[in-house]
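Report on one structure; see the data block that follows.
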Number of protein chains: 2
Amino acid sequence: METNTGIIENNKTQMRRGVLEYSILLILAAGDEYASSIIQKLKEVNIIVAEGTTYPLLIRLKKLGLLNYRWEESTQGPPRKYYMITDLGREQLAGLDAAWDELAKGIDTIRKGSKA
Amino acid sequence: METNTGIIENNKTQMRRGVLEYSILLILAAGDEYASSIIQKLKEVNIIVAEGTTYPLLIRLKKLGLLNYRWEESTQGPPRKYYMITDLGREQLAGLDAAWDELAKGIDTIRKGSKA
DNA sequence: TTGAATACCTTGCAATACAAGGTACTGAAA
DNA sequence: TTTCAGTACCTTGTATTGCAAGGTATTCAA
């Protein structure tokens with residue numbers, strides 16, 4: 001049982017990895033968010049991601065010019081770093097939309113083939 | 001232009017990565033294939049994968065018990081190693097089908113949110 | 001002043017995709 | 001018979017990157 005679960009879990013993780021940047025850009029395209037709220041939103045659609053993954057990723061996307069951020073005070077804890085998508089980010093997002101569509105279409109095609 | 005292409009290309013690659021094992025299992029669920037023909041079939045649906053990725057992956061899946069293989073002579077070159085999916089492989093594939101559906105659904109949900 | 005909740009970030013390990021380079025078999029051309 | 005092109009297999013080394021674990025800092029309430 002251990003083994004079975006391991007293989008599947010591992011693969012689910014891998015699948016998520018591929019779309020992480022994409023889904024973060026999608027979320028930020030809908031509105032500014034801070035890291036913890038992004039993680040929360042992803043969890044809500046069953047895309048589980050760790051802090052140790054998210055923070056470096058946001059920093060990377062910022063460095064690439066796809067995101068920017070601003071600090072905002074919070075009444076319930078430390079200040080929050082709100083990330084927002086840039087124009088370049090939106091451009092890239094359009095490309096990722098297309099990439100996702102293509103991938104989903106590809107998988108669909110193979111899937112149909114295996115159901116013959 | 002270089003930068004833009006780089007970001008997108010990089011992401012497309014990452015997306016593909018996540019579904020590689022899944023798509024290979026799907027292909028083999030439809031019939032036995034050898035490495036080169038698997039690569040070819042993936043290319044046909046725009047999932048580009050290198051030899052250096054595929055061979056180690058097939059060996060890994062064999063070790064995990066999801067695949068087996070048999071040698072078969074070819075009239076146009078060296079013998080071919082035909083891989084076939086095992087019962088365990090089919091079990092795992094069912095799990096990956098579910099994982100893919102869940103991921104696709106998740107992305108779809110986020111996508112709708114960003115179009116508000 | 002202590003503790004819980006929230007939020008930020010870094011370090012080190014492990015997994016793995018892939019470019020590049022290598023081996024080996026077949027059949028045809030030189 | 002040697003050479004070359006085509007096909008097919010595989011390995012090595014590098015770079016990327018997800019994540020568990022550990023760390024810092026702020027707020028508020030007890």
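Residue numbers start from 1 in every chain, and the chains themselves are labelled A, B, ... in the order their sequence lines are given, proteins ahead of strands. Predicted, not measured: the structure shown is a model, and the values here were computed from it.
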Query - Chi angles and distances behind the side-chain contact (heavy atoms from CB on, under 4.5 Å) call for A:Lys62, A:Leu58 - result: CA-CA 6 Å; A:Lys62 164 72 166 61; A:Leu58 288 170; over 6 Å; no
Report task. Pick base, sugar-phosphate or nothing for B:Arg60, based on heavy-atom distances below 4.0 Å to the nucleic acid. Result -> sugar-phosphate
Query raised in the report: Residues in salt bridge (Lys or Arg N to Asp or Glu O under 4.0 Å) with B:Asp87, at least two apart?
Result: none
Query raised in the report: Near DNA chain D, under 4.0 Å by heavy atom, which residues of residues 70-79 of chain A?
Result: A:Thr75, A:Gly77, A:Pro78
**Report entry** Pairs meeting criterion side-chain hydrogen bond (donor to acceptor under 3.5 Å, both in side chains) with involvement of residues 36-48 of chain B, two or more places apart
**Finding:** B:Glu33-B:Ser37
Query - Sidechain-backbone polar pair: B:Ser74 side chain, B:Pro79 backbone, donor-acceptor under 3.5 Å - result: no
Protein N or O to nucleotides 20-22 of chain D N or O, pairs below 3.5 Å:
none

Query - Pairs flagged by ring pair (Phe, Tyr, Trp, His ring centres under 6.0 Å) wherever residues 72-95 of chain B is involved - sequence neighbours left out - result: B:Tyr34-B:Tyr82, B:Tyr69-B:Tyr83
Query raised in the report: Of B:Val49 and A:Pro56, whose closest DNA chain C nucleotide lies nearer the 5' terminus?
Result: A:Pro56
Query raised in the report: Looking across every strand, which nucleic acid part, if any, lies under 4.0 Å from B:Ile59 by heavy atom: base, sugar-phosphate, or nothing?
Result: sugar-phosphate
**Report entry** Pairing residues for A:Arg90 by the salt bridge (Lys or Arg N to Asp or Glu O under 4.0 Å) criterion, not counting sequence neighbours
**Finding:** none
Query raised in the report: Can a side chain N or O of A:Tyr34 be found less than 4.0 Å away from OP1 or OP2 on C:dA7?
Result: yes
Report task. Determine: side-chain N/O of A:Arg80 to OP1/OP2 of C:dA7, distance under 4.0 Å, yes or no. Result -> yes
